[in-house]
Amino acid sequence: MSAIDAEFVEIFREEASGRLDAIVEILLDVERGGSPPDAVNALFREAHTLKGAAGMVGLESVQSVAHEMEDVLSDARAAGSSLPPELVEPLLRAVDAMRAGVVPANGEPARPAEQSASENGPRVRVPAAKVDRLLDLVGETMLHRRRLTHALGSERSDDPAVAALVAELDLGGPLLDELKDAAIGMRMLPLSSIVGSLRRAAREAARGAGKEIELVLAGADTELDRALLEELSDQLVHVLRNAIDHGIELPPERARAGKPPCGRIELTAVQREGVVEITISDDGRGVSPELLARAGDDTELADLLAAPGLSTASAVSDLSGRGVGLDAVKRYLESRRGRLAVGSTPGSGTRVTLALPLTLALLDVLLFRRGVNVFGLPLSSVEEALIVERRLTLAGSESIDVRGVAVPLVDVADLIGADAPASETTPPAILVSAGGKRLAVTCDRLLGEEDVVLKPLESPLANVRGYLGTAVLGDGEIALVLDPLELLRGADRPRRARPNAEPVQVTARSKVLVVEDSFTVRELQRSVLEAAGYEVATAENGRLALEHLDRDADVGLVVTDLEMPELNGLELTAAIRGNPARSSLPVVIITSLGAEDDRQRGIDAGADAYVVKSAYDQQALLATVGRLIGR
Amino acid sequence: MSEQVFVQLRVGADSYALPVEAVIEVTMLEASTPLPGGPRELLGLQNLRGHALPVYDLGAYLGGDATPDAARMVVVSDGGRRAGFAIDAVTGVGPLPERTESEAGLFSGSTLDGDRLVGVLAVDRLFSELERASAR
């Protein structure tokens, strides 16, 4: 047995021990008559996972017992019945047999290197709980800092002692951010640290199914919370095996479909806005057109495929038949505030996406007020903030026109059953997107974005649905952080045909491109300009703004910040002036810097107007834009 | 069991007792944050030293008097579970007179203190019930 095999058996031993314990616990529960309603499904999933993992490390005796166990449970599951008590005894004996089949440990197992080669030098092994504690303390310190900031007040004070304190506090900000990043970094490992086991699982599965596959990886240096990564490995193996067993066809079938004999599976990891998305796509046969027709979108397709008992393979094979893998994957993701989406083109392939938040403790949220409550939504689920000017009504439900697309519009208070007075006629709204669905929720006031310490609702409130948790803000107020997926589900119930509502014709308006790296300022400017009737596009920095201008000819004016990463406001202005096609496009520079030489540099670069942020009010911006646009 | 110490509470016209081990503190009831979708008897969440503590209307929950004007709460824990209960006053801390053990509902027993009937709360069952109520 090679070193890597020994290492995998060791990992399997740990996993198997936990799963066998779980099986025994459920079985004993059944025997006591306290059978949980989900007992058969839960046992089936455990047996299924054990079967797959045992096969992977070559423990055939364990694999075959697990398979028999799965068969017995499969019958009970198909009959929709609870577990007959007379089955408990034989199943317990099966557990004993599997325990005996798991080879006992001899000596310390070898562990793979946990850091990338670039981080050589001495290492310290620290229990994960200590790192978690550190992160908790960093979170508490951030809260403390917010309380201090709040106590000192946001206005600049004339009192030199207070001003000195504010300045000192400002110095501490970047330090604390670095501390936070360092603490989070200690919990992060690159995806590449589990790639070895994925390749191996894919190779074994392909051999078992008599298929040829090529596994292509992209973004393996994407970092993930260590705890998530370890659990994620199981889920990715499930999805890979599904792709090989159900997706990729046998070589003759591929030849008939005009595909190369070797199936291609791509595993891509990307990180954006605090979320890591891992996509596994194959060039196999895809799901059936009938199934696809039943699913409205990628989330619904994932829901259908994850339904217990459903499988895309007609025959139950030795591998991941029965669709059980996805059931487990979906449950896992939801328990970690992630989500599953499946896209498929019949005949040419399936694409499974697992999305997970980067860390569990700290979350970037957009805060807003409705009634007496402050709510938060993860920034990763927020597309934009806007002002509701005109409501479109159809069959009693409302929607809003977002650049030509009708998006359902709901008062957040109605959605979650909050007690709140009627909202004003042109309220701010947040465009939320999750699981492939979009929804605009209205509120009283946007409060801005904040990095919060999220605490899940704990017992006795652990069963309350709809929230990711609570966050205590700097002023001591408790913000309720909403679960975007639940929010969208809640909006879905009374209205089904919404997304297909007829598109609304938008009259041509003058479009303004807002370039600004702060989400809050950007959305503030957007809401001011949209409220005044302008169509607004946004970009996070100068480079993205130039890309936007290349593909959008409707922009009639650019409003830009000065200080931005990648390409700043002056460089953007110079680049616009340097292009003959758009040399007359008006540019308004907005910045917090009021110094005369900045103004001069702005004018030198070719800006048409210059609004200082500290003196910036809506009317000044609107007057300037109104004067310059369509000139 | 007469050595056991209890915190005695008044909620509306009713009197209750809690084992002193289960009581973390008695503190002021502040304007709490309502939790839409939460159980009916939940008054809301109160920021207790950086933690969002669920606060319940104990009187209403037990079927007695609701306590809309309660100014205090008693913070109770059972294992890892914590909650605050609105009360009107703490009337005493000490052993209770001879108790009648009667496992009924959320009470582990009751006792007559002068002419008042005092219900002794079973903290574990109380929390289990609250947990169940939040799944609605």
*Is A:N373 reaching over with its side chain to a backbone N or O of B:P34, donor-acceptor style, under 3.5 angstrom?*
yes
*Measure the spacing between CG of B:N47 and CD of A:E477 and express it to the nearest 0.5 Å.*
10.0 Å
*Taking all atoms of both residues into account, what is the closest heavy-atom pair of B:Y56 and A:P460, and its distance?*
OH-CG, 3.6 Å
_Reported CG-to-CG distance for the pair B:L45 and A:L461, which is rounded to 0.5 angstrom_ = 6.5 Å
*asked:* Shorter than 4.5 Å, heavy atoms on both sides: which option in A:T470, A:D419, A:I478, A:V374 has the most such pairs with chain B?
replied: A:I478
*Taking atom CZ of B:R81 and atom CD of A:E458, what is their separation to the nearest 0.5 Å?*
12.5 Å
*Hey, is CD on A:E25 packed in by over 12 heavy atoms from elsewhere, all under 6.0 Å?*
no
*Which region of A:I416, side chain (C-beta onward) or backbone (N, CA, C, O), has a non-hydrogen atom less than 4.5 Å from a non-hydrogen atom of chain B, or is it both or neither?*
both
_Between A:S459 and chain B, with a heavy-atom cut-off of 4.5 Å, which part of the residue counts as in contact: side chain, backbone, both or neither?_
both
*Quick one: CG on B:L35 to CG on A:L457, what's the gap to the nearest 0.5 Å?*
6.0 Å
*Would you check if A:L480 and B:P36 make a side-chain contact, meaning some heavy-atom pair closer than 4.5 Å?*
yes
_Exceeds 12 heavy-atom contacts within 6.0 angstrom, atom CZ of A:R145_ = yes
*asked:* Please classify the contact between B:Q46 and chain A as side chain, backbone, both or neither, with a heavy-atom cut-off of under 4.5 Å.
replied: backbone
